[in-house]
Chemist: 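Let me begin by handing over the structure; questions about it come next.
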Amino acid sequence: MRARQWAVIVVIYVVGGAVGALALWALTHGLEPLFTPARGTAFYLAVAAAVALWGFGTFLVHRLPATAKRRIIILATFAAGIFYPLEFYLPARSGIFFWRTSHTNPFSPMMLTVGNAVLVIYGFTFFLGAFSLSLVHAKNVAARRRGYYNSIAFFVAFIAMAVFGLWQNYAPADQMLFKHFLWIRSLTVQQVHGYLFNDMYVPLGATLFSVLAFYMATAAYRAFRVRSAEASFMMVAAFLVMLGQVPLGMWLTHNLPQAGWLSGLRMENIAAWILGVFSMAGLRAVAFGILVGGLAMSLRIWLNLERGAFFEQEL
Amino acid sequence: MSLEHANFLHIAIVGIISVIILYTILSARGGKQLFIRRIPGLAAIDEAVGRATEMGRPMLFSTGLSSVDIYTLQALAIAQHVARLAARYGNRLIVPVVDPVVFAIAEQLVREAYASEGKAEAFHSEDVRFLSGEQFPYAAGVMGLINREQVASTFFFGYFYAESLLLAESGQEVGAIQIAGTPATTQIPFFLASCDYTIIGDEYWAASAYLTREPTLLGSLVGQDIGKALLLLMVVIGTATAVPGMPLHFVYGWLARWLFGG
């Protein structure tokens, strides 16, 4: 790698660290009001200021050349990614926090604020998802594609749930939606929302979940077909574990003693041994691999070692 | 017991493994040749794309149920590779997503993949679609897509929960060739039972290195393997010292006092 690239990397990380330190200082020195809910006029002013700041920031970023944009992404990733490791790896209380009278970790009190900020950013993207979904279904309806009536059902359900979901949050508990409509009498907004959510949405989810039982049977049939030595081994193990979970299996070996070496041959103990020794060892080995791989992936993303960040000629 | 702040052992293990991974990445970038064994599930991706193209039916790629995290980012890296192959062979790749943030990233990645193969016009924006932010509505949406579009190949990469079997069995019903990979250990058996190829454990992380053969990713993979060997060594030493009666058991008390002050 060229010396210039190394210099750029070092500068970016130093600037990233400085930005992080500045944010930390700002959060601990009187900028907390910026991260607490505002009410009344202050709320509207805050929203207007946030929108103006966002617009100005977006305009500036769009004006920047591609290389500068890439460097900003690297900087932001590093600065954002350093917060949680610092909070976790630095001790809860230590002399290294000499500037704090309590000597406590300065990052810990900010966990909630940072978490809320992430949630707010996340909330914006919900509109993107809703827009995408509406666009797909609107095209279905406009072009009268096969099954377009399902798309109409989507819009009806989407609007009904959105309207009553929001309305029930603000409507007084006794506010009637209507007093008489055909044979239906006096429904409150909360009741309508309850019908939609508790009596339609939740049962539909439960119905789909219950389908899992049938799919399990077909998947198990395929998995346990004896086609190879491994499949046979798996089938025998599964059979023993299943037998160890049901009264019939326990009854088969109930004459064996509860203690002593023969107790290991009781069906429930065989099942527990397969699950706790063989299966658990395998699962933990898989978990070790996944966690170490996760660490490597996190490092590559945090330090922007993934493709095209530092090692390409673009920088 | 929850760990609110790291202890010495934690910092030492993560620090040592991180240094090893960074070293192997840099040495791989320096031109060191690294070998990666054949992974059947990943080698089958080409076959799955080719088969779908021959049948003239689209493919489906699900990135799982989690939001933007390392599991989903890895899944998206694989999705981009599949999208590139789909564009090369002139096929459609449908990517239903559960998270609006992932939706924005997935759309951009698939669009770029088609553009990089010179087939930007073949990309249909509605093929990458947000279905729902909830588990079972998402599963119902994907099952519907699999059946309506009669997909020829399905790819399930990412973090899955109870919906894994619903999705994979729907793929089975339409006769799709299915490849899955998940770090969710509770869902691996379901994919093993329902899919033609299942990538398990840290093969999930090897996927992007295997598919791209990029030195950075290959170096990272070697670092991971050394890290795992280190952890295995710790397990052996831990067993040899922690079990009463073992020759090195006296070391255990000394280590525990030194590390945890117990």
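No hydrogens, no waters, no symmetry mates; every other heavy atom, side chains included, goes into these values. Each chain gets a letter, A, B and so on, in the order its sequence line appears, and its residues count up from 1.
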Chemist: Centroid-to-centroid, A:Y89 to B:H10, below 6.0 Å?
Modeler: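 Ring centroids of A:Y89 and B:H10 are less than 6.0 Å from each other.
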Chemist: What distance do A:M297 atom CE and B:L217 atom CG have between them, rounded to the nearest 0.5 Å?
Modeler: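 Nearest 0.5 Å value for the CE-CG distance: 8.5 Å.
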Chemist: Can you confirm whether A:M242 is buried at CE, in the sense that more than 12 heavy atoms of other residues, nucleotides or ligands lie under 6.0 Å from that atom?
Modeler: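 Yes, CE of A:M242 has more than 12 neighbouring heavy atoms, counting only those of other groups under 6.0 Å.
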Chemist: Any heavy-atom pair between the side chains of A:L135 and B:E126 that's under 4.5 Å?
Modeler: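 Of all side-chain heavy-atom pairs linking A:L135 with B:E126, none is under 4.5 Å.
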Chemist: Which atoms of B:L231 are under 4.5 Å from chain A, going by heavy atoms: the side chain, the backbone, both sets, or neither?
Modeler: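 Contact with chain A involves the side chain of B:L231 alone.
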Chemist: With chain A as the partner, which of B:R148, B:E134, B:Q135 has the greatest number of non-hydrogen pairs under 4.5 Å?
Modeler: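 Of the options given, most contacts go to B:E134.
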Chemist: Could you measure the distance from the CZ atom of A:F288 to the CG atom of B:L230? Nearest 0.5 Å is fine.
Modeler: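 The CZ atom of A:F288 sits 11.0 Å away from the CG atom of B:L230.
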Chemist: Heavy-atom cut-off 4.5 Å, strictly under: side chain, backbone, both or neither for B:L22 against chain A?
Modeler: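 Interface part for B:L22: side chain.
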Chemist: Using heavy-atom distances under 4.5 Å, tell me whether A:A130 contacts chain B through its side chain, its backbone, both, or neither.
Modeler: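 The backbone, not the side chain.
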Chemist: Which atoms of B:V235 come close to chain A, meaning under 4.5 Å heavy atom to heavy atom: side chain ones, backbone ones, both, or neither?
Modeler: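 Side chain only.
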Chemist: Indicate the atoms forming the closest heavy-atom contact of A:L283 with B:T185, along with that distance.
Modeler: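 What the structure gives for the nearest pair is CD2-CB, 3.5 Å.
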Chemist: Considering all heavy atoms of both residues, which atom of B:F130 and which atom of A:G129 are nearest to each other, and what is their separation?
Modeler: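 Closest heavy-atom pair between B:F130 and A:G129: CD2-O, 3.2 Å.
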Chemist: Chain B heavy atoms under 4.5 Å from A:N105: which part of the residue, side chain, backbone, both or neither?
Modeler: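 Just its side chain gets close to chain B.
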Chemist: Just how far is it from atom CD1 of B:I17 to atom CG of A:L295, taken to the nearest 0.5 Å?
Modeler: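 It comes to 6.5 Å.
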Chemist: Less than 4.5 Å to any heavy atom of chain A: does that hold for the side chain of B:E173, its backbone, both, or neither?
Modeler: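 Interface part for B:E173: side chain.
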Chemist: What do you reckon, is OH of A:Y84 surrounded by more than 12 foreign heavy atoms closer than 6.0 Å?
Modeler: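 Correct, the count exceeds 12.
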Chemist: Given heavy-atom pairs under 4.5 angstrom as the criterion, report whether the side chain, backbone, both or neither of A:M216 touches chain B.
Modeler: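 Both backbone and side chain.
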Chemist: Looking at NE2 of B:H5 and CZ of A:F88, how far apart are the two atoms once the value is rounded to the nearest 0.5 Å?
Modeler: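 Result: 8.5 Å between the selected atoms.
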Chemist: Does A:W302, at its CH2 atom, have more than 12 non-hydrogen atoms belonging to other residues, nucleotides or ligands within less than 6.0 Å?
Modeler: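 Check passes, neighbour count above 12.
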Chemist: Do you know which two heavy atoms are closest between B:L165 and A:Y215, and how far apart they sit?
Modeler: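 For B:L165 versus A:Y215, the nearest heavy atoms are CD2-C, 3.8 Å.
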Chemist: Could you tell me which portion of A:L204 (side chain, backbone, both or neither) has an atom closer than 4.5 angstrom to a non-hydrogen atom of chain B?
Modeler: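 Nothing of A:L204, per the 4.5 Å heavy-atom cut-off to chain B.
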Chemist: Between chain A and each of B:S67, B:G227, B:A104, count heavy-atom pairs under 4.5 Å; write down the option with the most.
Modeler: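 Looking at each of B:S67, B:G227, B:A104 in turn, B:S67 comes out on top.
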Chemist: Answer with side chain, backbone, both or neither: which region of B:I188 has an atom nearer than 4.5 Å to a non-hydrogen atom of chain A?
Modeler: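 Looking at B:I188, just its side chain touches chain A.
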Chemist: Closest heavy-atom contact between A:V286 and B:G201?
Modeler: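 Where A:V286 meets B:G201 most closely, the heavy atoms are CG1-CA, 3.6 Å.
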Chemist: Relative to chain A, which segment of B:E107 carries a heavy atom at a distance below 4.5 Å: side chain, backbone, both, or neither?
Modeler: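 For B:E107, neither part sits under 4.5 Å from chain A.
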Chemist: Under 3.5 Å, is there a donor-acceptor pair between the B:S220 and A:R300 side chains?
Modeler: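 Present: a donor and an acceptor within the cut-off.
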Chemist: Heavy-atom cut-off 4.5 Å, strictly under: side chain, backbone, both or neither for B:Y204 against chain A?
Modeler: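 The answer is neither part of B:Y204.
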Chemist: Please identify, among A:T207, A:L212, A:V211, A:L90, the residue contributing the most non-hydrogen atom pairs under 4.5 Å to chain B.
Modeler: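 Between A:T207, A:L212, A:V211, A:L90, the count favours A:L212.
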Chemist: Would you say that more than 12 heavy atoms from the other residues, nucleotides or ligands in this model lie under 6.0 Å from the CZ of A:F209, or not?
Modeler: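 Not buried by this count: 12 neighbours or fewer within 6.0 Å.
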Chemist: If you count heavy-atom pairs within less than 4.5 Å of chain A, which of B:I21, B:D69, B:V128 leads?
Modeler: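 Heavy-atom pairs under 4.5 Å are most numerous for B:I21.
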Chemist: Surrounding OH of A:Y122 (heavy atoms of other residues, nucleotides or ligands, distance under 6.0 Å), is the total greater than 12?
Modeler: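 Buried by this count: over 12 neighbours within 6.0 Å.
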Chemist: So which part of A:Y201 gets closer than 4.5 Å to some heavy atom of chain B, the side chain, the backbone, both or neither?
Modeler: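 It is the side chain, since no backbone atom gets that close.
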Chemist: If only atom types and distance count, is the side chain of B:W205 paired as donor or acceptor with the main-chain N or O of A:I290 below 3.5 Å?
Modeler: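 Yes; at least one donor-acceptor contact below 3.5 Å.
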Chemist: Taking all heavy atoms of A:V292 and all of B:Q224, pick out the closest pair and write down the distance.
Modeler: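 Shortest heavy-atom contact: CG1-O, 3.6 Å.
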Chemist: Is the count of non-hydrogen atoms from other residues, nucleotides or ligands lying under 6.0 Å from B:K32 atom NZ greater than 12?
Modeler: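 Open.
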Chemist: Taking side chain as everything from C-beta outward and backbone as N, CA, C, O, which of these in B:S132 sits under 4.5 Å from a heavy atom of chain A? Side chain, backbone, both or neither.
Modeler: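 Neither; nothing under 4.5 Å.
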Chemist: Who wins among B:V14, B:L232, B:L221, B:D225 for the most heavy-atom pairs under 4.5 Å with chain A?
Modeler: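 Heavy-atom pair counts peak at B:V14.
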Chemist: Measure B:I200 against the heavy atoms of chain A and call it side chain, backbone, both or neither at under 4.5 Å.
Modeler: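 Looking at B:I200, nothing touches chain A.
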Chemist: So with a 6.0 Å cut-off around CZ of A:F155, is the heavy-atom count from everything else above 12?
Modeler: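 Yes, the 6.0 Å shell around CZ holds more than 12 heavy atoms from other groups.
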Chemist: Write down the atom of B:A193, the atom of A:R222, and the distance for their closest heavy-atom approach.
Modeler: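 Reported closest heavy-atom pair: O-NE, 3.7 Å.
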Chemist: Got a second to check how far B:Q172's CD is from A:T218's OG1, nearest 0.5 Å?
Modeler: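 Those atoms lie 8.0 Å apart.
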Chemist: Would you mind checking which part of B:T186 comes under 4.5 Å of any heavy atom in chain A, side chain (CB onward), backbone (N, CA, C, O), both or neither?
Modeler: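 The answer is neither part of B:T186.
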Chemist: Quick one: which of A:S298, A:A287, A:G289 has the most heavy-atom pairs under 4.5 Å with chain B, could you say?
Modeler: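 Sorted descending by pairs with chain B, the first entry is A:G289.
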Chemist: Quick test of your reading of the model: are A:R146 and B:E149 salt-bridged, counting only N-O distances below 4.0 Å?
Modeler: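 Salt bridge absent between A:R146 and B:E149.
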